[in-house]
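Order of the sequence lines sets the chain letters (A, B, ...), proteins ahead of strands, with each chain counted from 1. Reckoned from all heavy atoms, side chains included, excluding hydrogens, waters and symmetry mates. These numbers were taken from a predicted model, which means no experiment stands behind them.
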2 protein chains.
Amino acid sequence: MVSMKDLAAACNVSIATVSKALNDQHDVSAKTKEMVRKKAKELGYFPNSAAKALKTNRSHNIGVLFVDEAQSGLTHDFFANVLDSFKRTIELRDYDLTLVNCSKTHSGSMTYLERARYRGLDGVAIACIDFRDPEVIELVDSSIPVVTIDYIFNNRIAVISDNVKGMRDLVTYVYEMGHRKIAYIHGNDTSVTQARISSFYTTCTQLGIEVPEDYIKRADYRDTEGTYHRTMELLDLSDPPTCILYPDDFAGFGGINAIRERGLRVPEDISVAGYDGIRIGRHIEPKLTTIRQDTESIGRQAAENLIKLIEHPRSTIIRPIVVEGELYKGSTVKDINRIAE
Amino acid sequence: MVSMKDLAAACNVSIATVSKALNDQHDVSAKTKEMVRKKAKELGYFPNSAAKALKTNRSHNIGVLFVDEAQSGLTHDFFANVLDSFKRTIELRDYDLTLVNCSKTHSGSMTYLERARYRGLDGVAIACIDFRDPEVIELVDSSIPVVTIDYIFNNRIAVISDNVKGMRDLVTYVYEMGHRKIAYIHGNDTSVTQARISSFYTTCTQLGIEVPEDYIKRADYRDTEGTYHRTMELLDLSDPPTCILYPDDFAGFGGINAIRERGLRVPEDISVAGYDGIRIGRHIEPKLTTIRQDTESIGRQAAENLIKLIEHPRSTIIRPIVVEGELYKGSTVKDINRIAE
DNA sequence: AATTTATTCTAAAACGTTTTCGTTTTTTAG
DNA sequence: CTAAAAAACGAAAACGTTTTAGAATAAATT
């Protein structure tokens with residue numbers, strides 16, 4: 001491995017000059033800069049990030065923290081898409097991405113914050129996680145630049161999907177298609193779920209729809225088993241809904257299975273809608289009606305704002321960034337207006 | 001940030017002793033070790049990976065290289081699952097994972113090898129990529145420990161899915177269900193595809209099935225559009241197949257759409273099968289018959305062997321590790337034996 | 001008690017950078 | 001042509017570790 005020392009020797013200049021030439025500092029002549037750079041290429045020199053990080057306290061390395069509870073994590077469609085976009089964005093700015101080790105099984109394990117400091121991460125994006133975890137709080141309260149995804153902390157940059165608008169759009173669309181008996185199987189207790197539930201009720205009220213208590217059920221996200229059973233319960237009601245909303249697209253398929261098992265058809269006999277807009281939803285029949293979250297934008301904005309915070313901490317305004325989703329109409333919500341005629 | 005210097009001062013010992021105590025070296029007494037460790041906790045000391053890496057040339061950091069061409073990458077189900085398992089495994093051994101920057105758009109961009117060296121990565125896993133890329137070859141030919149996934153290089157550890165057995169199992173199953181007219185829409189030209197095609201032909205020959213040339217088509221992986229059109233072509237044949245195999249599950253749904261658009265039913269009128277065993281395939285009806293690749297094992301074995309290579313380079317035997325998949329029968333291949341009776 | 005041996009510790013160099021501050025060289029002004 | 005100012009360069013310290021070689025202390029052997 002050729003170092004600056006070797007390069008300096010080959011150029012007959014000092015190490016300091018080499019460093020400055022490579023970093024395009026002002027106090028070295030254009031001629032020497034050129035010469036050093038040429039020689040660097042020639043010798044195949046490239047810097048050592050560890051040494052650089054040690055000296056500058058900047059690693060050009062951004063961490064991503066997420067906990068892959070039960071089959072989630074990287075294989076979680078929403079998160080994978082956000083991460084993909086995030087990665088693409090920071091790479092353009094010449095950062096690398098490290099997934100911070102969140103295995104708590106290891107013996108001498110550090111906290112998230114300790115690990116971030118240990119690795120000298122310039123910033124951390126936090127997603128898909130239990131935001132009430134004390135270790136997460138510790139990290140968020142630290143001096144390390146942080147952006148949270150789909151959760152808002154005070155004094156921290158957050159990028160969140162507009163679940164309020166999303167749910168409103170969805171319910172409104174379903175309403176416009178003539179539905180008045182709308183059930184909602186929501187996900188487990190997170191701020192995302194809370195936003196959606198609250199928006200669901202608000203919108204229903206505004207539209208003058210009454211929601212019976214037993215139209216509201218709970219299942220975990222991506223839990224097809226759960227939605228299967230909750231759907232059965234809904235179908236068993238004396239006055240069943242004409243449309244069921246699910247926690248997410250994936251879970252929605254569990255519901256569809258239940259419906260079909262009862263000999264009912266989607267959407268002819270009962271309408272359904274998911275949430276997320278996963279890719280496969282647009283490629284299988286019937287095309288699932290859903291709110292397509294703009295994962296590309298979420299990932300990109302998280303990255304851009306985190307980098308801004310890292311590079312210009314003072315001039316970055318701290319506020320939540322809300323990214324709107326988009327209604328994908330699909331074909332699982334039937335227009336039942338004619339029937340009413 | 002409290003460093004070893006501070007810790008040494010607080011303990012009234014030298015920096016060297018602190019270092020050794022923390023690293024559990026033999027030439028420091030149990031008493032001092034205990035004392036140093038206690039004090040370290042007290043002061044909230046933890047090491048600086050950059051300094052450590054600089055000194056030891058070991059980063060405890062493993063890189064993953066993959067190129068996310070067109071919608072693939074992280075959102076690619078197969079790869080995401082492999083990566084997830086890979087990550088979990090290395091975390092248990094206290095490594096971190098960095099996704100190596102493969103953006104070629106950046107101006108002063110380095111080659112993959114340069115970037116790996118720059119970051120001081122202890123090893124690199126390579127997947128989902130064009131293995132003929134000169135930069136990939138350069139990396140593979142370097143002295144950095146490398147494991148390739150689903151591709152075999154000479155003198156390098158590789159973990160590959162057993163596509164030969166997988167395809168054989170699949171074709172044999174379809175054969176046993178009575179099918180003799182089997183079409184295969186294969187993916188684009190990669191070693192994986194080659195293995196599958198070759199195994200397809202071999203198995204057919206062994207079973208005494210003749211495969212007309214126009215039963216073999218090509219579409220890109222995960223390309224529902226492509227499989228849609230190829231399927232239409234197959235259905236237009238004067239003697240259409242009774243079963244169609246697809247490049248992967250995702251693409252298979254494109255085929256199913258085409259079939260249904262023709263007013264045909266799966267599997268009553270025509271049987272289909274995918275490849276991969278993506279999660280959703282088991283949760284929607286009809287359940288797609290497929291070969292479930294053991295992504296958990298692939299990721300884990302890649303990680304374990306890479307770490308072995310890093311930590312014990314001499315005693316690690318270099319050979320391809322073949323991971324078998326498993327036939328998932330699903331419900332998209334109809335048993336047509338009775339018809340023949 | 002003197003020597004050897006084993007144990008525990010430390011000083012100092014090194015890893016590859018960046019950066020401060022001082023020195024030398026070149027340019028400009030008078 | 002000299003003096004002052006500006007530009008270009010270099011010496012050396014520092015970042016936080018690990019490691020080598022040797023020093024000091026304690027224990028064991030004659």
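Contact check, B:Ser29 against C:dC9: a side-chain N or O comes under 4.0 Å of OP1 or OP2.
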Contact state string [nucleotides 18-26 of chain D, B base, S sugar-phosphate only, - no protein heavy atom under 4.0 Å]: BBBB-----

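Put simply, CG on A:Leu43 is 16 Å from C1' on C:dG16, counting in whole angstrom units. Remark: P of D:dC9 and NE2 of A:His26 are 12 Å apart, rounded to the nearest angstrom. The distance from atom CG of A:Asn12 to atom C1' of D:dG10 is 13 Å, rounded to the nearest whole Å. For the pair B:Asn57 CG and C:dG16 P, the interatomic distance rounds to 7 Å; values are reported in whole Å. Remark: P of C:dC15 and CG of A:Asp6 are 10 Å apart, rounded to the nearest angstrom. Computed from coordinates, the A:Arg119 CZ to D:dT17 P distance equals 14 Å when rounded to whole Å. In this structure, CZ of B:Arg58 is placed 23 Å from P of D:dG16, rounded to the nearest angstrom. Atom P of nucleotide C:dT17 and atom CZ of B:Arg117 are separated by 14 Å, given to the nearest angstrom.
For A:Pro47, counting side-chain heavy atoms from C-beta on, the closest listed nucleotide (C:dG16, C:dT17, D:dC9) is C:dT17.
Annotation: of the two residues near DNA chain D, A:Val18 and B:Ser3, the 5′-most nearest-nucleotide partner is A:Val18.
Side chains of B:Glu135 and B:Thr111: no donor on one and acceptor on the other come within 3.5 Å.
Here A:Phe46 lies in heavy-atom contact (under 4.0 Å) with sugar-phosphate atoms only.
Salt-bridge annotation for B:Arg115 and A:Asp94: present, with a side-chain N of the basic residue lying under 4.0 Å from a carboxylate O of the acidic one.
Contact annotation: the side chain of A:Ile149 approaches that of A:Ile298 to within less than 4.5 Å [non-hydrogen atoms, C-beta and beyond].
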Trace of the side chain to side chain contact (heavy atoms under 4.5 Å, CB included) decision for A:Ile62 with A:Phe86: CA-CA 10 Å; A:Ile62 289 180; A:Phe86 185 88; 3.9 Å; yes

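Residue pairs meeting the salt bridge (charged side-chain N to carboxylate O under 4.0 Å, His left out) criterion with at least one partner in residues 40-54 of chain B, sequence neighbours excluded, are B:Lys39-B:Glu42. Under the salt bridge (charged side-chain N to carboxylate O under 4.0 Å, His left out) criterion, the residue pairs touching residues 304-314 of chain B are B:Arg93-B:Glu311, with sequence neighbours excluded. Sorted by first and then second residue, the pairs that involve residues 22-33 of chain A and meet salt bridge (charged side-chain N to carboxylate O under 4.0 Å, His left out), not counting sequence neighbours, are A:Lys20-A:Asp27, A:Asp24-A:Lys33, A:Asp24-A:Arg37.
For the contact set between residues 33-42 of chain A and DNA chain D, defined by any heavy atom under 4.0 Å, there are no members.
Applying the ring-ring contact (aromatic ring centres under 6.0 Å, His included) test to B:Tyr45 and every residue at least two apart in sequence or in another chain returns nothing.
Taking the six-membered ring for Trp, A:Phe46 and B:Tyr118 have ring centres at least 6.0 Å apart.
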